[in-house]
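First the proteins, then the strands, lettered A, B, ... as listed; each starts at 1. Quick caveat, the model's predicted, so the values are computed rather than measured.
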Amino acid sequence: MNFAQIILPLNLKGTFTYKVPVDFLEKIEIGMRVLVPFRGKKIYTGIVCEIHDTEPESFVPKEIISILDDAPILPNEQIRFWNWLSEYYLCNLGEIYRFAFPSSLKLESETYLKLKTNVTIDFENLDVNEMYLIQALEVRQTINLTEIEAFIPKKEIMKTISSLIDLQYIEIDEKIAEKYKQKEVAFVKINEEALKNRALPEILLELKRSPKQQELFLLILEKQTENPEKPIRKSELFDEGNFSHAQLKSLVEKNLVHEFLIQKDRLESFEGEIEEIEKLTDAQLKAKNEIDDAFSEGKNVLLHGVTSSGKTHIYLEKIEETVTEGKNVLFLLPEISLTKQIVQRLEKKYGKQLGFYHQKLTDFERVEVWRKVRNNELKILIGTRNALFLPFQNLGLIVVDEEHDSMYRPREVSPYFNAKDAAQVLAQIYGANVILGSATPSVESYYFAKKEKLKYVFLGERFGNVKLPEYELVNFKESQDSKNIVGNFSTQLIEEIRKELDRKKQTMILHNRRGYANVVECESCGYVNYCSNCDVVMTYHKFSNELKCHYCGQKAAKPKICPKCHSEKLNTRGVGVEQIHEEISKIFPDAEVDRMDVDSMRRKFAYEKLYEKLEEGETDILVGTQMISKGLDFDNIELVAIPKADSLLYVQDFRAEERAYQLITQVSGRAGRISGEGKVLIQTYNPYHPVFERIKEHDSSKIYEHFLEERKKFLYPPFVKLILIELKHRREDKVNRASQFMGSVLRKYLPEECILGPEKSPIGKLNLLYQYQVLLKLPRGKKYAEFKKLLIKSLEEFNEITGYQSVKKSLFVDF
DNA sequence: AAATCGACGATT
DNA sequence: ATCGTCGATTTA
């Protein structure tokens, strides 16, 4: 056993063979990190994935420099998971490794280290190497691994660094150190000490000359005695009485009152607003029993529960059961969002045994969570898809909430994989169970649930038997013909909104298109502005008064005259959310109309501020893109309007209808959560469109039947497996030729009916790269494995052509 | 992925 | 003759 296969953090095929030095033979194990030289001077942190005795024939392997861990950092299950991902999604192990590990666990020679600020170093307890490194860092701000090699022996480097990181003397210098700062809220409380030492009358006497201060002091005291558990918000004092900040400040200075800050996200639980877990309703209990049955049969579950049916309650029950059995839970969310009741409730109950893992953590925080998971200190982990890669010790349950969400498979991050499917494989490896939960399951999951590959559990009623919102289709063509319209709104829509305003209810308006107008077009010559990097017209944003490319972020000034024919007549075409917002503000000048989209939420705390406005009922009408369908659970919303619903359907994508249905249903779920008086107005030119008609009927099985029929007819998932091959290059002729060649190679091995293309991608140029694609529709089942082997063979053949090596190739399996 | 090497064209 | 850019090649 003299050789090891090492995974390197590079996007390279396969693993690399290294020789294990004799003194490491005892120590080395699969799953440990090792330091290896690669390409002359460079040093990388690799992962041992195999130890064997076969000496390579064609080359002389290099030696492992050092072993970084005393015990494997990566459990066996994770290595199996990585291998599955790599085979299934046709990606390299190195890519997975890069994605899975926090960067300070995979130091390489270009990683820069720096001294932590404001640390006092205890030189007495440092060894020689540590001392050298600290001294070097005192002279210069940063240093990298190659530079350290000059004064510390190679074998000692990592030991020295990790011990100094542990001591918190040094840290990794992350160039893009975007620190996520949590919002803090100020609270006040009476200084108990002051009350102990002196009698209350004495204190009041002292404040006699400042009556306002006295009044304020008494107000705080009164609030505190009334409810000692509930901390007092600084802002509520100013709301209730006519006090000034100066008065509070002097009370603080007199040491009678303490002021303190609490982080925003811990607030909810701290305020004790959470009800204890109520008993499950009969419907929920039935669902839970069905889940138990499925689990005992070793089946995973699709929990299809209409909006506010209390899926969370069922999750909580199952989570508690799993933890009681001594196993751990992973709770996946599409993105880390504010205020999730489940978070608050779990936090209260499990405190330090609850962990979070998501993209907004700093590297140090990630390593911290990693360590805790490995030591089995955390029982429950809430996280986004990258949490799948934590070194779990005994996973018992994975919950995938909002399983239909496309954030589980973002196309732009490599490696490409679908967290929903990966979660099921990971669970299988760990012998754990999975609950996929959604109010609007993906068509694929629904199909597998009906095919009994998953157990289908349906919760058809809202919690407390609250009625589901009612849908009404507004025929915009008719309104237009009878001239009953103002801009993009029919008078019917306007009247309904006015009624809500009169009743002091809130209204949501969904329009899923950013900006003010799609295009700015010259009336006389038809000129439109294209992005200079992409083959895309630029969207006009009136609010920031510029043109933006939504694909690469490129900005340009809005032209005043046509750059081509100098005409001054420039038209806008296509309606964006800004325009809807403007129209509504004009129609209801006295209402408070707010807009929520990525552009208006970019500023720090913009989301939090708007959230509070909505919560306090200050916002009357909220106009927004799909953003408004997530996380806004307020009791006072009863009307949801979708003025241009057709635009949701007209997207070049076989999932467009499915996504329209999901989006409409998700926003609708915001309406009438408590009262049951929710109403949804869908304004459309096609009131007889099958999707709208079926949404209206409130029978989800009908709509899924419709989707499945269409998918079957036009051969789309779940009836076939899709693999998209995308080729990119700066030069169009090159990528075009490459794609033609790819097509011909594929046709050599695979039947004609499986191959679509090659053709120019829907967006022909993106970020200066031309894109071409080939779409494969492969049959499911046994044939699939066979075809996939042939695909790999074709890809290998393609790779042999040296001329096409510079063409970037991406594969999207289960696209 | 990333560094290195070689070819070719533009610049001193 | 030298610098810069692009593409091909190689990594254990």
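Checked by atom type and distance alone, the side chain of A:R366 pairs as donor or acceptor with a backbone atom of A:Q359 at under 3.5 Å. The closest donor-acceptor contact from the side chain of A:K788 to the backbone of A:Y88 lies under 3.5 Å. A donor-acceptor pair is defined here as one N or O able to donate and one able to accept, closer than 3.5 Å; no such pair exists between the side chain of A:Y18 and the backbone of A:I65.
Cation-pi contact between A:R409 and A:F812: absent, since separation from the ring centre below 6.0 Å together with deviation from the ring axis within 45° is not met.
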Got a list of side-chain donor-acceptor pairs under 3.5 Å for residues 26-36 of chain A, not counting sequence neighbours?
{"residue": "A:R33", "atom": "NE", "partner": "A:D69", "partner atom": "OD1", "Å": "3.3"}
{"residue": "A:R33", "atom": "NE", "partner": "A:D69", "partner atom": "OD2", "Å": "3.1"}
{"residue": "A:R33", "atom": "NH1", "partner": "A:L105", "partner atom": "O", "Å": "2.8"}
{"residue": "A:R33", "atom": "NH2", "partner": "A:D69", "partner atom": "OD1", "Å": "2.9"}

Please write out each protein N/O paired with an N/O of nucleotides 9-12 of chain C under 3.5 Å, distance rounded to 0.1 Å.
{"residue": "C:dT10", "atom": "O2", "partner": "A:R39", "partner atom": "NH2", "Å": "2.9"}
{"residue": "C:dA12", "atom": "OP1", "partner": "A:R39", "partner atom": "N", "Å": "2.9"}
{"residue": "C:dA12", "atom": "OP1", "partner": "A:K62", "partner atom": "NZ", "Å": "2.7"}
{"residue": "C:dA12", "atom": "O3'", "partner": "A:T17", "partner atom": "O", "Å": "3.0"}
{"residue": "C:dA12", "atom": "O3'", "partner": "A:K62", "partner atom": "N", "Å": "2.7"}
{"residue": "C:dA12", "atom": "N3", "partner": "A:T17", "partner atom": "N", "Å": "3.3"}

Produce the list of close N/O pairs, under 3.5 Å, pairing protein atoms with atoms of nucleotides 5-8 of chain B; give distances to one decimal.
none

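Nucleic acid contact for A:K13: none, since no nucleic acid atom lies under 4.0 Å from a heavy atom of the residue.
Pairing partner, B:dT11: C:dA1, with both Watson-Crick or wobble hydrogen-bond distances short of 3.5 Å.
Counting to the nearest Å, the C1' atom of C:dC6 and the CG atom of A:D733 are 15 Å from each other.
For the pair A:K13 and A:N799, the minimum side-chain heavy-atom distance is 4.5 Å or more.
Between C:dG7 and A:R730, a contact under 4.0 Å exists linking OP1 or OP2 to a side-chain N or O.
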Mind running salt bridge (Lys or Arg N to Asp or Glu O under 4.0 Å) on A:K748 and A:E797 for me, showing each step along the way? CA-CA 11 Å; A:K748 221 164 82 185; A:E797 204 163 300; 2.4 Å; yes
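A:R98 and A:E95 are not joined by a salt bridge, as no carboxylate oxygen comes within less than 4.0 angstrom of a charged side-chain nitrogen.
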